[in-house]
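Accompanying notes for the structure given below.
Computed from a predicted model, the values in this text were never measured in an experiment.
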Amino acid sequence: MPDTAQQVPHQTIDKLPRVFYRLALGDALSTYGSQLDLVALSLFAYEAAGNALGTAGYLIIRLAGGLVGGLVSGRLVARTDRRRLMTGCALAQALALVVVAFAPVPARIPVLYSLALVFGGAAAVCAVALRTSIPEMVGSERRARANSLMASCRSAAMVLGFASAGVVVAWAGFRAALLIDASSFLVFAVVVFRLPLRTRAEPVEQPAAEPADPADAAGAKRLGSRWQALIVLRAAPVVGAMAAIRLLDAFGSAAHNISLPVFANQHSPGNPAALLGMFWATWAVGNLGAQQLVSRLLLRRGIEPGERAFALGTCLMSGCFILVFTGLPTPLFLLAAIGAGLGDGFTEISYTTRIQALADERRGQAFGLLTSAENVGMGTGMLLSGSLLALLSPLTVVGVSHAVPIVLALGFLVVVARSRKR
């Protein structure tokens, strides 16, 4: 299990294609729309159903859609034009938002629940297609810089989406908020459709008598197309280890997202929203700082973040999230929030860059597997953490949830170190 951190020529990573910045901004806009519609539709479901079960039902179905989307996305990105696939997913989300916005009151819940699968599935497929295409868009040697840029724009858009969702819904109403969301996906669809960058590797001619990869061909014949992900795991076991860590990391993310409002009400009963806003704004500073560290300290030296960076980033992120819930003084609380954002951003860049090192035909399957793992972790984390908070403190719930990925990441780090020595 060798670490893929490697030296790359300085001149090849200095600049990204100018049009790629347009894609990064378009992706950030759609991310803003995703966070805005996540909050708006959750509140919409709560008001339409009249209880918290309405929101829980919507979120579970949406995560189920993401799970299904992750499972099928590998085959889709391998067989379908990726530019059209991303465009179609964005248009599907925009259309679904418009349908929900104009649905009559009696039909709101059935329509919303039906389209929750569209929101989750389309978002997952689009994300896999985009991540799979980046090495072909910018060149393999520039993929770390491209991932760093995308992660920075996306994290800023996430915070802005969460911060503005309540204001937009309160001032403009649900219908206007959903139409704003739909517009963001429409803009992204136009940007991707007109993007003058290739999204797929050039086909390589193989001798007719010898398949490109006999092991994969034999495995595909035995297991069938539904189990292609198992072939990817056999060829690149590091992907399976990273998927397990990401699954447990997503479980921890669900725990701290559900526990933060409870913690804020306990420690700042007069103004819990201010504490939450301060935390997420500080987290965003750390997340954006990860991009600068990757760009200035690693890429300028010709080093790409690999498996070790992924494991260390996971430990930093989870450890800092646990510290956030320990009741630290404000300066230390903010320092822990910055550390959590820094680890989160660094982990995102590292694992995306590592998976993109796979061959084009395996990359989509790997990203689909990771996307499904994240959705499983987030869904089970929401259900279990929400139940445990009725019995345990936020610190206990978050501490246990984030301690597990730390232990697994440390074990992964040991395996990587031993592999390098061999």
Side-chain angles (χ1 to χ4, degrees), residues 16-42 44 62 66 69 82-101 115 118-134 137-138 145-169 171-197 199 280-281 283-285 287-288 290-291 341 344-345 348-349 352 371:
L16 294 170
R18 288 187 177 182
V19 291
F20 189 79
Y21 288 89
R22 190 191 313 162
L23 174 64
L25 291 176
D27 179 61
L29 185 60
S30 71
T31 300
Y32 170 81
S34 296
Q35 306 311 312
L36 186 59
D37 79 55
L38 180 61
V39 175
L41 289 174
S42 297
F44 184 83
R62 181 166 175 154
R82 293 171 185 171
R83 181 178 286 102
R84 293 181 179 178
L85 186 61
M86 288 185 280
T87 302
C89 288
L91 291 176
Q93 293 178 84
L95 179 60
L97 286 164
V98 172
V99 172
V100 173
L115 294 179
V118 175
F119 294 127
V125 173
C126 187
V128 171
L130 178 58
R131 288 170 171 171
T132 305
S133 303
I134 284 177
M137 291 180 176
V138 302
R145 183 174 293 276
N147 292 328
S148 178
L149 173 65
M150 298 288 281
S152 297
C153 294
R154 196 177 296 124
S155 62
M158 286 175 62
V159 174
L160 183 60
F162 278 129
S164 64
V167 177
V168 171
V169 171
W171 285 4
F174 285 114
R175 179 170 294 176
L178 295 180
L179 293 178
I180 293 173
D181 300 346
S183 300
S184 71
F185 289 111
L186 182 61
V187 171
F188 176 72
V190 173
V191 169
V192 172
F193 186 74
R194 300 185 62 183
L195 194 68
L197 296 173
T199 59
W280 285 118
W283 173 88
V285 171
N287 204 275
L288 293 171
Q291 188 269 342
D344 211 346
E348 170 72 16
I349 296 167
T352 302
T371 300

Just verifying a value: how many Å separate R194 CZ and L23 CG, rounded to the nearest 0.5 Å?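 With rounding to 0.5 Å, CZ (R194) is 14.0 Å from CG (L23).
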
- Rounded to the nearest 0.5 Å, what separation is found between the CG atom of L91 and the CZ atom of R84?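 So the gap between those two atoms works out to 13.0 Å.
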
How would you list, by chain and number, every residue that makes a side chain to side chain contact (heavy atoms under 4.5 Å, CB included) with [X], sequence neighbours excluded?
X: S30; value: D27, F185, F188
X: A127; value: none
X: A24; value: L149, M150, C153
X: R175; value: A101, F102, L179

Exercise for the section: Please tell me if the side chains of L95 and V118 come closer than 4.5 Å, counting only heavy atoms from C-beta onward. Expected result: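 Counting from C-beta outward, L95 and V118 never come under 4.5 Å.
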
Please name the pair of heavy atoms, one in [X] and one in [Y], separated by the smallest distance, quoted to 0.1 Å.
X: L195; Y: R83; value: O-NH2, 2.9 Å
X: A177; Y: L36; value: O-CD2, 4.2 Å
X: A122; Y: Q93; value: CB-CG, 3.7 Å
X: A129; Y: L85; value: CB-CD2, 4.2 Å
X: L115; Y: A96; value: CD1-O, 3.5 Å
X: L97; Y: A182; value: CD1-N, 3.6 Å

Practice task
Show the numbers, then the answer: is there a side-chain contact (heavy atoms from CB on, under 4.5 Å) between V191 and L25?
Solution key: CA-CA 9 Å; V191 169; L25 291 176; over 6 Å; no

Item to check | Of all pairs that satisfy salt bridge (charged side-chain N to carboxylate O under 4.0 Å, His left out), the ones with a partner from residues 90-99, not counting sequence neighbours | outcome: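 Qualifying pairs, neighbours excluded: none.
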
How would you list, by chain and number, every residue that makes a ring pair (Phe, Tyr, Trp, His ring centres under 6.0 Å) with F20, sequence neighbours excluded?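 Checked F20 against ring pair (Phe, Tyr, Trp, His ring centres under 6.0 Å); zero matches.
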
Evaluate side-chain contact (heavy atoms from CB on, under 4.5 Å) for D181 paired with L178, printing each intermediate quantity in order. CA-CA 5 Å; D181 300 346; L178 295 180; 3.9 Å; yes

query: What residues, two or more places apart in sequence or in another chain, satisfy side-chain hydrogen bond (donor to acceptor under 3.5 Å, both in side chains) together with R82?
result: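 Here the qualifying residues are D360.
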
Quiz prompt | N287: partners by side-chain hydrogen bond (donor to acceptor under 3.5 Å, both in side chains), with sequence neighbours left out | solution =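 Per chain and number, N287 pairs via side-chain hydrogen bond (donor to acceptor under 3.5 Å, both in side chains) with S155.
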
